[in-house]
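Below is one structure; the comments refer to it alone.
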Amino acid sequence: MLHPLGGSCQAVTRECRLREESGEPSAEIERSQKRREMGLGECLKSKVLCHVLIGYVFLASGLLVNLLQLCTLPVWWLNKSLARRINCRLGYCISSQSVAILDWWSGTECTLYTDPKMHPLYGNENSIVVLNHQFEIDFMCGWSFCDRFGVLGSAKVLVKKELAYVPVIGWMWYFLEIVFCKRKWEEDRITVSQSLQKLRDYPENFWFLVFCEGTRFTAKKHQISMEVAEKKGLPKLKHHLLPRTKGFWVTIQNLRGTAAAVYDSTLNFRNNESPSLSGILSGKKYHADLYVRRIPLESIPEGEAECAAWLHKLYQEKDGFQEQYIQTGRYPGPIVSAPRRLGPLINWLCWSALVLFPLGAFLVSLLSSGSTLTILASLAFCYGASLLIRWMIGQTEISRSSGYGNKVNSSS
Ligand SMILES: CC/C=C\C/C=C\C/C=C\C/C=C\C/C=C\C/C=C\CCC(=O)SCCNC(=O)CCNC(=O)[C@H](O)C(C)(C)COP(=O)(O)OP(=O)(O)OC[C@H]1O[C@@H](n2cnc3c(N)ncnc32)[C@H](O)[C@@H]1OP(=O)(O)O
Ligand SMILES: CCCCCCCCCCCCCCCC(=O)OC[C@@H](O)COP(=O)(O)O
């Protein structure tokens, strides 16, 4: 008889006997103990069916929201400000689902280190956020903090053009006036400036995120960017890629007078965790720590070269904060309370009810119809949808990261 894990039953029994003789608990006993210890919730979270249903809710509700966003087009011509406000609410319906999965499904803890005197300003002014780009779920943590400060619907980012084609999120971004870049400065210098100018009369407070490293951290990209640093006579960074300065400079230039400050944000995870979206979906709990410093925009130099030098210095400081975190498990400064909010959970439950009931009804009618062709067509459709979700999750994986930053490129 074969053991479900591949070995023979005899071999397992022999292992059990040997372990019992040596006083060690058998692997079988350990496994069943673990199963008993695992609560119903955890057991449910590990089930593929749950992941499929979460994916389905995200895709079905997201496409519905994309459609509603499309319907707001006539409102743009009649009342632009109203259309923008409506789109902030619609965008919230999508992005808050990933916050619900992070904060409530996986129970990931996001802790904020910052100056308590600055805390009341967060969410009550426009700002430019500078964040390290090292983790697969850094954008989800960013969104979670946006939600905690009431700016999730209006959150903005300087994002690579490739993500514009991702269904649901990429399509939502068009209506939220997200700034896309091709990471080709000759083309970006005009388009990025134009998109930023449009945000000057945005009717809601927003945070504009710039990942100045331009791509996610890998050992190879780090080594190459440090060669560039050496050629430029800049100090080496241990935990960051050399920041690209042009996007930051153009953002500061165009949002001066609109944004009040730069929020220099440094993110890390406790116990060397390397979090992933798949882990989150399986209910794995991570522990994120974010250190935020508020820097008034007036204190940032205006000239391109001076602004670039300022950003390089900022990254040297950020590198120091990461080193301190790795050595001590803490960032400088006190922890400030910014609890997760119920909004994302309620939104997620409402959308789940809205799209799961029709799915149930459809499945019942499908099975009772008994038509093999309809059943096969539905199975093929579900397979296609699951491939699409898998591909979207793949966009977040560093192992599938772009080749950008793998070689030295020069735009000047
Ligand atoms: C209280 C709580 C506070 C905060 C909470 C935190 C966050 C919440 C905020 C908001 C959340 C909102 C949304 C989040 C949701 C989703 C986001 C998800 C992901 C999207 C992210 C991305 O897509 S990142 C990629 C796109 N973004 C960027 O690239 C931005 C940075 N890049 C730039 O600025 C670039 O300059 C550019 C894109 C504008 C142009 O790029 P290009 O390559 O054409 O030109 P460069 O100028 O960069 O290149 C030439 C110069 O660079 C030097 N060089 C060459 N090779 C390298 C190398 N390997 N490494 C480093 N540098 C290199 C070269 O020498 C040239 O130097 P110069 O001195 O001549 O400039
Ligand atoms: C809610 C759960 C349902 C599951 C589906 C969610 C799928 C979300 C996928 C949307 C992808 C959006 C964000 C990807 C963010 C990201 O990190 O992009 C990388 C870029 O910065 C840099 O790219 P690179 O140069 O490749 O490192």
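Counting starts at 1 for both ligands and their atoms, in listed order.
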Inset, instruction - Determine whether any heavy atom of Arg189 lies closer than 4.0 Å to an atom of ligand 1. - result: no
Inset, instruction - Please say whether Glu186 places an N or O atom under 3.5 Å from an N or O atom belonging to ligand 1. - result: no
Legend entry - Nearest option to atom 52 (O) of ligand 1, as decided by whichever heavy atom of Met140, Met226, Arg244 sits closest: Arg244
Inset, instruction - Give the single entry among Val166, Val99, Thr215, Thr396 that approaches atom 24 (P) of ligand 2 most closely by any heavy atom. - result: Thr215
Inset, instruction - Output the distance between atom CZ (Arg294) and atom NZ (Lys117), rounded to the nearest 0.5 Å. - result: 12.5 Å
Legend entry - Side-chain (Arg183) to main-chain (Lys160) donor-acceptor, under 3.5 angstrom: no
Legend entry - Contact (N/O only, under 3.5 Å) between Lys232 and ligand 1: yes
Inset, instruction - Give the contacting part of Glu213 toward ligand 2: side chain, backbone, both or neither, where contact means a heavy-atom distance below 4.0 Å. - result: neither
Legend entry - N or O contact, Gln395 vs ligand 2, cut-off under 3.5 Å: no
Legend entry - Nearest-option assignment for atom 25 (C) of ligand 1, heavy atoms, candidates Ser144, Gly214, Cys212: Gly214
Inset, instruction - Verify, without hydrogens or angle tests, whether Trp143 (side chain) and Asp138 (backbone) share a donor-acceptor contact under 3.5 angstrom. - result: no
Inset, instruction - Enter the distance from Ser195:OG to Asp188:CG here, rounded to the nearest 0.5 Å. - result: 9.5 Å
Legend entry - Distance from atom 1 (C) of ligand 2 to nearest protein heavy atom, with residue and atom: Ile101 CD1, 3.0 Å
Legend entry - Closest to atom 15 (C) of ligand 2 among Phe135, Phe139, Trp105 (heavy-atom distance): Phe139
Legend entry - Donor-acceptor side-chain pairing of Gln322 and Tyr331 below 3.5 angstrom: yes
Inset, instruction - Say whether, by atom type as modelled, one donor and one acceptor occur between the side chain of Asp319 and the main chain of Tyr315 under 3.5 angstrom. - result: no
Legend entry - Trp104 (side chain) donor-acceptor with Arg341 (main chain) under 3.5 angstrom: yes
Inset, instruction - Specify the protein heavy atom at minimum distance from atom 22 (C) of ligand 2: its residue, its atom name, and the distance to 0.1 Å. - result: His133 NE2, 3.8 Å
Inset, instruction - Would you check whether Lys160 has a nitrogen or oxygen atom less than 3.5 angstrom from a nitrogen or oxygen atom of ligand 1? - result: yes
Inset, instruction - Would you please determine whether Leu158 falls within less than 4.0 Å of ligand 1 on a heavy-atom basis? - result: yes
Legend entry - Nearest-contact summary for atom 8 (C) of ligand 2 - protein heavy atom, Å: Ile169 CD1, 3.9 Å
Legend entry - Between Lys156 and Tyr202: side-chain donor-acceptor atoms closer than 3.5 Å: yes
Legend entry - Atom indices of ligand 2, in the order listed, that fall short of 4.0 Å to a heavy atom of Arg183: 25 (O)
Inset, instruction - Check whether any N or O atom of Trp207, backbone or side chain, sits under 3.5 Å from an N or O atom of ligand 1, and answer yes or no. - result: no
Inset, instruction - Please check if atom CG in Leu367 has more than 12 non-hydrogen atoms from other residues, nucleotides or ligands closer than 6.0 Å. - result: yes
Inset, instruction - Give a yes/no verdict on whether any heavy atom in Lys156 is under 4.0 Å from an atom of ligand 1. - result: yes
Inset, instruction - Step through it carefully: locate the ring centre of Tyr325, locate the ring centre of Tyr291, and say whether they are under 6.0 Å apart. - result: no
Inset, instruction - Specify the protein heavy atom at minimum distance from atom 16 (C) of ligand 2: its residue, its atom name, and the distance to 0.1 Å. - result: Arg216 NH1, 4.1 Å
Inset, instruction - Output, in order, the C-alpha distance, side-chain angles, deciding distance and verdict of salt bridge (Lys or Arg N to Asp or Glu O under 4.0 Å) for Arg400 and Glu397. - result: CA-CA 6 Å; Arg400 294 169 193 227; Glu397 291 169 0; 3.0 Å; yes
Inset, instruction - Just go through Ser98, Cys141, Cys146, Ser265 and tell me whose heavy atom is the nearest to atom 9 (C) of ligand 1. - result: Cys146
Inset, instruction - List the closest protein heavy-atom neighbour of atom 26 (O) of ligand 2: residue, atom name, distance to the nearest 0.1 Å. - result: Ser402 N, 2.7 Å
Inset, instruction - Could you check atom 18 (O) of ligand 2 against the protein and tell me its nearest heavy-atom contact, residue, atom and distance included? - result: Leu163 CD1, 3.8 Å
Inset, instruction - Determine whether the side chain, the backbone, both or neither of Tyr291 has a heavy atom under 4.0 Å from any heavy atom of ligand 1. - result: neither
Inset, instruction - Quick one: look at Lys160 and ligand 2, take heavy-atom pairs under 4.0 Å, and tell me if it's side chain, backbone, both or neither. - result: side chain
Inset, instruction - Indicate, as side chain, backbone, both or neither, the part of Phe58 found under 4.0 angstrom from ligand 2 when only non-hydrogen atoms are considered. - result: side chain
Inset, instruction - State the atoms of ligand 1, each with its element, that fall below the 4.0 Å cut-off from a heavy-atom position in Trp173. - result: 16 (C)
Legend entry - Ser61 and Gln97: side chain donor to acceptor below 3.5 Å: yes
Legend entry - Options Arg293, Arg183, Glu213, Glu227, ranked by nearest heavy atom to atom 38 (C) of ligand 1, top entry: Arg183
Inset, instruction - Look only at interatomic distance and state if Ser225 has a nitrogen or oxygen under 3.5 Å from any nitrogen or oxygen of ligand 1. - result: no
Inset, instruction - Output the list of atoms in ligand 1 that are nearer than 4.0 Å to some heavy atom of Trp185, sorted by atom number. - result: 39 (C), 42 (P), 44 (O), 45 (O)
Legend entry - Selection from Cys110, Gly142, Gly123, Ser127 by shortest heavy-atom distance to atom 7 (C) of ligand 1: Gly142
Inset, instruction - Check if Phe208 has a non-hydrogen atom at a distance under 4.0 Å from any atom of ligand 1. - result: no
Legend entry - Minimum non-hydrogen distance to atom 21 (C) of ligand 1, winning option of Tyr113, Phe211, Phe248, Trp143: Phe211
Legend entry - Within-cut-off N or O pair, Ser98 and ligand 2, under 3.5 Å: no
Legend entry - Point-to-point distance, once rounded to the nearest 0.5 Å, from NZ of Lys407 to NZ of Lys220: 10.0 Å
Legend entry - Tyr92 six-ring centre to Arg89 NZ/CZ under 6.0 Å and within 45° of normal: no
Legend entry - Trp351 and Asn347: side chain donor to acceptor below 3.5 Å: yes
Legend entry - Between Phe248 and His312, ring centroids under 6.0 Å: no
Inset, instruction - Report yes or no: does His51 have a heavy atom closer than 4.0 Å to ligand 2? - result: no
Legend entry - Main-chain N/O of Ala164 paired with Trp173 side-chain donor or acceptor, under 3.5 Å: no
Inset, instruction - Describe, in one word, how the ring planes of Phe149 and Tyr122 are oriented to each other, choosing from parallel (under 30°), tilted (30 to 60°) and perpendicular (over 60°). - result: perpendicular
Inset, instruction - Check Lys184 against ligand 1 and report side chain, backbone, both or neither, counting heavy atoms closer than 4.0 Å. - result: backbone
Legend entry - Donor-acceptor under 3.5 Å (Ser225 side chain, Leu242 main chain): yes
Legend entry - Proximal candidate to atom 17 (C) of ligand 1 [heavy atom criterion; set Tyr263, Phe139, Tyr122]: Phe139
Legend entry - Short side-chain to backbone donor-acceptor contact, Lys221 and Gly403, under 3.5 Å: no
Inset, instruction - With heavy atoms under 4.0 Å as the rule, classify the contact between Val159 and ligand 1 as side chain, backbone, both or neither. - result: both
Legend entry - Heteroatom distance test (Gly247, ligand 1): nitrogen or oxygen, under 3.5 angstrom: yes
Inset, instruction - Give a yes/no verdict on whether any heavy atom in Phe180 is under 4.0 Å from an atom of ligand 1. - result: no
Inset, instruction - Report the distance from atom OG of Ser401 to atom CD of Gln395, rounding to the nearest 0.5 Å. - result: 10.5 Å
Legend entry - Top protein contact for atom 7 (C) of ligand 2, by heavy-atom distance: Met392 CB, 4.0 Å
